[in-house]
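Working notes, beginning with the structure itself.
Not measured: the values here are computed from a predicted model.
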Amino acid sequence: MNGIRKRAGIFLMGLFWFTALFSLHASALAGHEILIHSPNITADESSPDHYEYSGFFALDGSNLVWMNTWAERKIEEKCVLNRIYLMNLTDNSIVMISGTPGIHQESEFRPPVAVSGRYIVWSEFGRDDLFLYDATRGRETALTSDGSAPDQQLQNAFPDIDGDRVVWAKRKPYLSSNDQDIVFMNLTTGTRQNISTAAADQTDPSISGSRIVWTDKRNEPGGGDIYLYDLGTGITQPICTERGLQQKPKISGTSIVWMDYRNGKPAVYLYNISSGTTIRISRDLFVTDAPLLSGDLVVWQEYSDFDLRDERAGTIVVYNTISGVREILPVNTTHPQLLAVGQNRIVYADPDFKTLDEGFVHLFVMDVPVSAPVSLTDVTSPPGPAQEKTVTDPVPGKTENHAATAFPGAVPFSIGVGILLCRIMNGRSKK
């Protein structure tokens, strides 16, 4: 009997501290949700001979882009079709900006797709070149023309864009070191320059204004560090060279975030360029996916160390780099899928309600103070239900409001567990 009480006491003690820790961090983000629908947003695994899915979403202002893939279920000589769509969240119009096979492409597209203002940029597996779509002109052009040259196997991939400035990873010729470098191009002037040609791979570039960050393996071929280059000063500097792997950095203004494995499991770290300080912003007892960054907001997915199921429950976490406040995106599913972040908006998929299979994504618009650098139109006049121009029977959108309160029951439950634990321990002491 004493053994049972002891085990119960240990279990309840662990449960008490876990729920207490959770309740301290689980405040919900304030804002409202809008359902976005398009017949071109699909995820279909039901067919025995093919599958189709939408992914690699990107958001900037009112422009939402994504890649759709249709593929046969066979190994050899299978047909794969890609489409890239652009949705304008202001007037709910949709246009297919590119497809393969097509005029410009013959092979599959290579993610990611990057968007900034009027420009969308992506790459292709076959030619290994970059392609640019100008939404103002409604025209696609090849941004590079040196991919997959005979006997060289050059490769242009992993683009990012900010305004008229593009960065990407470019592989050296096959007969040389064949590692990846970082390249920059100004779309207005047409000038190109190498940003980093150091030994080993430099990849995963991200750009904000005059600053470029990337994953750098010059000192850790089996791992990776985070490096920064400033176009204004011409100076390259290491941002993080801790042991283990640091990868997938994002930059916005004076903030840099990345996925960090220094302690063995993935966590999210933040570097402030102005202060030169680095902090961990993801929680203990959780593992994370790679973070997204827009303005002052860092967004990522977290999974509890205590959830050992094959399909773990997750949360979407939002961290404000100015206030240091960490909040949880209020969703009605335990398995949300983070898709894109732009300004005060977060796009995610819900596998339980209005799913990708049904052509829906969920747009969460955060409440922001008037003084914040976000257009009031974006907050007070959110986009309505999305539909393709040719659709005559639009699917109505739905808006839900969320207050910034703690998850209900977290604190009372912790207190109740604590009282029960005290009673059990008190009973043991009397015996």
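Exactly one of R171, R110, K170 qualifies for a side-chain hydrogen bond (donor to acceptor under 3.5 Å, both in side chains) with D128. That residue is R110.
Screening residues 254-275 for salt bridge (Lys or Arg N to Asp or Glu O under 4.0 Å), with sequence neighbours left out, gives D260-R262, K265-D305. Listed by first and then second residue, the salt bridge (Lys or Arg N to Asp or Glu O under 4.0 Å) pairs involving residues 306-325 are D307-R309 (not counting sequence neighbours). Applying the salt bridge (Lys or Arg N to Asp or Glu O under 4.0 Å) rule to pairs touching residues 50-59 yields nothing, sequence neighbours excluded.
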**Request:** List the steps and the verdict of side-chain hydrogen bond (donor to acceptor under 3.5 Å, both in side chains) for N82 and T69.
**Result:** CA-CA 5 Å; N82 287 131; T69 299; 2.8 Å; yes
**Message:** Let's go through D352 and T333 carefully: what are the C-alpha distance in whole Å and the side-chain angles of both, what is the deciding distance for side-chain hydrogen bond (donor to acceptor under 3.5 Å, both in side chains) to 0.1 Å, and is it a yes or a no?
**Reply:** CA-CA 6 Å; D352 304 317; T333 177; 2.6 Å; yes
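Taking all atoms of both residues into account, the shortest heavy-atom contact from S294 to Q343 is OG-N, 2.7 Å. Scanning all heavy atoms of the two residues, the minimum distance from V298 to P291 falls at CG1-CB, 4.0 Å. Smallest separation of non-hydrogen atoms from G117 and N63: O-ND2, 2.9 Å. The two residues A58 and V113 make their nearest non-hydrogen contact at CB-O, 3.4 Å.
In this structure the side chain of S255 reaches within 4.5 angstrom of the side chain of L270, judged on heavy atoms. I97 has its side chain within reach of W122: a pair of non-hydrogen atoms, C-beta onward, lies under 4.5 Å apart. Between Y53 and L356, the closest side-chain pair of non-hydrogen atoms is not below 4.5 Å. Counting heavy atoms from C-beta on, the side chains of I273 and I251 come closer than 4.5 Å. Looking at heavy atoms from C-beta onward, D225 lies out of side-chain contact with T215 at the 4.5 angstrom threshold. Using a 4.5 Å heavy-atom cutoff, the side chains of L143 and N156 are not in contact. Using a 4.5 Å heavy-atom cutoff, the side chains of S304 and E302 are not in contact. In this structure the side chain of N68 never reaches within 4.5 angstrom of the side chain of N40, judged on heavy atoms.
With sequence neighbours left out, Y319 forms a ring-ring contact (aromatic ring centres under 6.0 Å, His included) with no residue at all. W258 pairs by the ring-ring contact (aromatic ring centres under 6.0 Å, His included) definition with nothing, not counting sequence neighbours. Contacts of Y227 classified as ring-ring contact (aromatic ring centres under 6.0 Å, His included), with partners at least two apart in sequence or in another chain: none.
Neither side chain, Q301 nor Y348, offers a donor N or O lying under 3.5 Å from an acceptor on the other. Donor-acceptor pairing under 3.5 Å is recorded for the side chains of T144 and D129.
Of the possible polar contacts, none joining the Q247 side chain to the G224 backbone as a donor-acceptor pair under 3.5 Å is found. Without hydrogens or angle criteria, H50 side chain to C79 main chain gives no donor-acceptor distance under 3.5 Å.
Here the straight-line distance linking atom CE of M185 with atom CD1 of I195 works out to 13.0 Å at 0.5 Å rounding. Distance check: D160 CG to S208 OG gives 9.5 Å after rounding to the nearest 0.5 Å.
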